[in-house]
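Beneath this line is the structure, given in structure tokens, with notes to follow.
The residues of the chain are indexed from 1 along the displayed sequence. Atoms considered below: every heavy atom in the structure, side chains included; atoms not considered: hydrogens, waters and symmetry mates.
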Amino acid sequence: MEHSKNTGTLLVSRAEAGQKLLNFLQRRINAPSSDFHRWIRTGQVRVNGGRAKAFDRLNEGDAVRVPPFAEPLPAGSAKSDMPHAPEAPRGGRLDIVFENEDVIVIAKPAGLPVQGGTGHSDSIASRLAGERARADFVPAPVHRLDKDTSGLLVAGKTYAAVRLLTDALAGRGGKAPRKEYLAWTEGAWPYGETRELSDYLAKDEKAKHMRAASRGEAEAREARCVVTPLEKRRIHGREHTLVLVRLLTGRTHQIRVQLALRGHPIAGDPWYGESSREGLKLHAFRLELPLPGGSSRSFELLPPWKGEWKVSLLKNR
């Protein structure tokens with residue numbers, strides 16, 4: 001974060017570039033949003049010497065003049081869009097798989113939600129806010145994994161990276177990134193080769209989870225994935241199948257529901273199968289991402305499962 005010699009001017013850093021003027025001010029100045037709108041409307045806020053609108057996007061190096069009475073936040077303490085978190089998160093530091101100037105790839109543990117909410121004060125987002133509190137732009141997760149799912153999770157370190165990755169992972173703006181999961185299913189998976197699964201899913205308002213739906217049903221959305229069986233193994237005296245699942249769409253609980261609909265729920269799934277003290281055996285294993293600048297990169301992370309569930313080498317990948 002930079003301030004010019006003129007204490008009433010803020011310089012836009014690389015990490016902050018691409019934000020709307022209003023968002024930039026909300027992160028850099030200690031004042032209510034109503035003040036920002038009034039300052040912009042009356043010309044008390046200017047960009048590179050000229051008047052600007054609240055939703056104009058800023059570029060790296062832009063000089064944003066604010067009123068002399070405005071109270072900038074101290075250097076290195078920009079406001080986060082996420083709730084305040086301490087410098088040393090109580091839940092421990094995040095395990096970083098990869099990091100550059102644009103992204104952080106995190107090994108998310110099972111049991112830790114991506115975002116905080118009712119009953120969850122600890123999360124990936126709050127730990128990022130605590131660990132990177134002095135960053136110009138507090139890193140933000142660009143997609144979600146279920147609380148009990150482990151594996152690769154990506155956060156953007158710049159506003160531009162967050163926009164690029166959020167759009168890409170949602171399938172907007174071209175070819176969707178490759179996302180693959182490993183899962184242990186209950187029972188012997190009946191198909192010996194790769195098979196595409198297609199269903200329509202909708203939210204069950206009573207049970208608060210997803211269910212099968214008909215194609216023409218209101219709120220029903222198509223869910224598609226490709227399943228490849230890798231190994232069959234008897235675990236705790238019961239047969240299980242290790243499968244590799246490539247998502248073609250991204251629906252809530254999609255893999256969990258589609259496998260359960262075929263009579264083979266994921267091991268340890270309390271909603272669509274049988275709960276287990278050993279937890280849900282679903283892991284985000286491989287992710288291919290576009291990166292700012294036009295390049296792409298693929299990441300792999302084996303699951304942390306132990307004992308009879310351990311996966312050390314994949315076959316038929």
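Taking 4.5 Å as the limit, some side-chain heavy atom of Glu222 sits within range of a side-chain heavy atom of Ser198. The side-chain heavy atoms of Leu291 and Val103, taken from C-beta on, include a pair separated by under 4.5 Å. For the pair Glu131 and Leu94, the minimum side-chain heavy-atom distance is below 4.5 Å. Side-chain contact check for Trp271 versus Val257: every heavy-atom pair is 4.5 Å or farther apart. Using a 4.5 Å heavy-atom threshold, the side chains of Pro109 and Ser150 count as separate. Counting heavy atoms from C-beta on, the side chains of Leu25 and Trp39 never come closer than 4.5 Å.
In terms of hydrophobic clustering, with Ile, Leu, Val, Met, Phe, Trp and Tyr side chains grouped at heavy-atom distances under 4.5 Å, Ile96 and Leu145 are assigned to a common cluster.
Ion pairing between Glu16 and Arg28 holds under the 4.0 Å rule for side-chain N and carboxylate O. A salt bridge does not link Lys232 with Glu239: none of the charged nitrogens is closer than 4.0 Å to a carboxylate oxygen. No salt bridge links Lys281 with Glu186; every basic N to acidic carboxylate O contact stays at or beyond 4.0 Å. Residues Glu196 and Arg246 are not paired through a salt bridge, judged by the lack of any N-O separation under 4.0 Å between the basic side chain and the carboxylate. The pair Asp35-Arg38 meets the salt-bridge criterion, with a side-chain N (NZ, NE, NH1 or NH2) lying under 4.0 Å from an Asp/Glu carboxylate O. A salt bridge links Glu99 with Arg132: the closest approach of a Lys/Arg side-chain nitrogen to an acidic carboxylate oxygen falls below 4.0 angstrom.
Of all heavy-atom pairs between Ile124 and Pro141, the closest is CG2-CG, 4.2 Å.
For Arg233, the side-chain hydrogen bond (donor to acceptor under 3.5 Å, both in side chains) criterion is met by Glu231, not counting sequence neighbours. Applying the side-chain hydrogen bond (donor to acceptor under 3.5 Å, both in side chains) rule to Arg163 yields no partners; only residues at least two apart in sequence or on another chain are considered. Listed by chain and number, the residues in a salt bridge (Lys or Arg N to Asp or Glu O under 4.0 Å) with Glu193 amount to none (sequence neighbours excluded).
Remark: of the listed residues Arg27, Arg14, Arg57, Lys20, Arg57 is the sole one forming a side chain to side chain donor-acceptor pair (under 3.5 Å) with Tyr159.
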For His236 and Glu278: C-alpha separation, side-chain torsions, deciding distance, then whether side chain to side chain donor-acceptor pair (under 3.5 Å) applies. CA-CA 11 Å; His236 302 328; Glu278 296 181 282; 2.8 Å; yes
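At most 12 heavy atoms of other shown residues, nucleotides or ligands fall within 6.0 angstrom of atom CZ in Arg221.
Under the 3.5 Å distance criterion, the side-chain polar atoms of His283 are left unmatched by any main-chain donor or acceptor of Thr149.
Side-chain contact, Tyr272 with Arg256: no donor N or O sits under 3.5 Å from an acceptor N or O.
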